[in-house]
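Quick note: numbers below take in every heavy atom, side chains included, and nothing from hydrogens, waters or symmetry partners. If you read the sequence from its start, that first residue is 1, and numbering goes on from there.
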Amino acid sequence: MAKDTIANILTSIRNAEMNTKRVVRIGFTNLSENFVNILLREGFIENVRKHHENNKSFLVLTLRDRRTQKDPYRKVLNLKRISRPGLRIYSNYQRIPRILGGMGIVILSTSRGLMTDREARLEKIGGECLCYIW
């Protein structure tokens, strides 16, 4: 059975959003730490902390409350996995898709590490399109 770290993170966040939970606990790897730091930097999550328990490390994410006083209905965070272990999707910097005209982000795995679509276009570097978030 193959492990897909990115899919596990996206599924955990999606399930917590649907059940209106604010805290998500995911396993710690270097890839998951870099991925979560991008989500934190882009404002999709509120806080991240590292937690040790029984010689295992976890990342504890605090999700942002998407309800506002004007709009009482919950706005859903949309997460879509693009490249997967069975089908890798690569893109050069000119063909990186724009999500909702730039309102969403694409997370790419490049030769310089994980980065968003905006950063990849600025550095003129392509890579594997991991997921779309809007």
Could you state the interatomic distance from CD1 (Ile107) to CD (Glu119), rounded to the nearest 0.5 Å?
10.0 Å
Both conditions, 6.0 Å and 45 degrees, for the charged tip of Arg121 above the ring of Tyr93: are they met here?
no
Ser32: side-chain hydrogen bond (donor to acceptor under 3.5 Å, both in side chains) partners, not counting sequence neighbours
Thr29
Once you round to the nearest 0.5 Å, how far does CZ of Arg81 lie from SG of Cys131?
7.0 Å
Can Met103 be reached from Leu108 by stepping across I, L, V, M, F, W or Y side chains whose heavy atoms are under 4.5 Å apart?
yes
Write out all pairs satisfying salt bridge (Lys or Arg N to Asp or Glu O under 4.0 Å) with one or both partners inside residues 125-134, taking only residues at least two apart or from two chains.
Arg88-Glu128
Full working for side chain to side chain contact (heavy atoms under 4.5 Å, CB included) between Ser83 and Tyr90
CA-CA 8 Å; Ser83 184; Tyr90 296 96; over 6 Å; no
Test the Lys50-Phe28 pair against the cation-pi criterion, namely NZ or CZ under 6.0 angstrom from the six-membered ring centroid and within 45° of the ring axis.
yes
Carefully, step by step, assess Ile133 and Leu39 under the rule side chain to side chain contact (heavy atoms under 4.5 Å, CB included).
CA-CA 9 Å; Ile133 302 172; Leu39 293 179; 3.2 Å; yes
Hey, which of Thr20, Ile45, Asn47 is the one that makes side chain to side chain contact (heavy atoms under 4.5 Å, CB included) with Leu63?
Ile45
Would you please name every residue forming a side-chain hydrogen bond (donor to acceptor under 3.5 Å, both in side chains) with Arg49, sequence neighbours left out?
none
Side-chain heavy-atom pair Trp134, Val106 within 4.5 angstrom cut-off
no
Mind running side chain to side chain contact (heavy atoms under 4.5 Å, CB included) on Ile26 and Phe58 for me, showing each step along the way?
CA-CA 6 Å; Ile26 59 174; Phe58 298 97; over 6 Å; no
What pair of heavy atoms forms the shortest contact from Asp117 to Gly104, and how long is it?
OD2-O, 4.4 Å
Heavy-atom side-chain contact between Met115 and Ile125 under 4.5 Å
yes
Find out whether Gln94 and Lys124 are in side-chain contact, i.e. whether some heavy atom of one side chain is under 4.5 Å from a heavy atom of the other.
no
Which value, rounded to the nearest 0.5 Å, describes the distance between Ile105 atom CD1 and Ile96 atom CD1?
12.5 Å
Suppose we screen for side-chain hydrogen bond (donor to acceptor under 3.5 Å, both in side chains). Which residues come up paired with Arg118, at least two apart in sequence or across chains?
Glu42
For the residue pair Glu17 and Arg64, what are the closest heavy atoms and their distance?
OE2-O, 4.3 Å
Would you name the heavy atoms of Tyr132 and Pro97 that are closest together and state the gap between them?
OH-CG, 3.3 Å
Quick one: does any side-chain atom of Arg41 pair with a main-chain N or O of Gly43 as donor and acceptor, under 3.5 Å?
no
In Å and rounded to the nearest 0.5 Å, what is the NZ to SG distance from Lys80 to Cys129?
12.0 Å
Give the cluster check for Val36 versus Leu114: same hydrophobic cluster or not, with ILVMFWY residues linked at side-chain heavy-atom distances below 4.5 Å.
yes
Is there a donor-acceptor pair under 3.5 Å between the side chain of Arg25 and the backbone N or O of Leu61?
no
Side-chain heavy atoms under 4.5 angstrom apart, residues restricted to Ile, Leu, Val, Met, Phe, Trp, Tyr: same cluster for Ile9 and Leu77?
yes
Salt bridge (charged side-chain N to carboxylate O under 4.0 Å, His left out) with Arg112: which residues, sequence neighbours excluded?
Glu123
Side chain to side chain contact (heavy atoms under 4.5 Å, CB included) assessment of Val24 paired with Val60:
CA-CA 6 Å; Val24 179; Val60 180; over 6 Å; no
Could you state whether Ile89 and Ile38 fall into the same hydrophobic cluster, counting links through intermediate Ile, Leu, Val, Met, Phe, Trp or Tyr residues with side-chain heavy atoms under 4.5 angstrom apart?
no
Leu31 CG to Leu130 CG distance, which is reported to the nearest 0.5 Å:
7.5 Å
Which value, rounded to the nearest 0.5 Å, describes the distance between Ile6 atom CD1 and Ser109 atom OG?
8.5 Å
Quick one: list whatever passes salt bridge (charged side-chain N to carboxylate O under 4.0 Å, His left out) with Arg98, sequence neighbours left out.
none
Would a hydrophobic clustering, with Ile, Leu, Val, Met, Phe, Trp and Tyr connected at side-chain separations under 4.5 Å, put Ile13 with Leu40?
yes
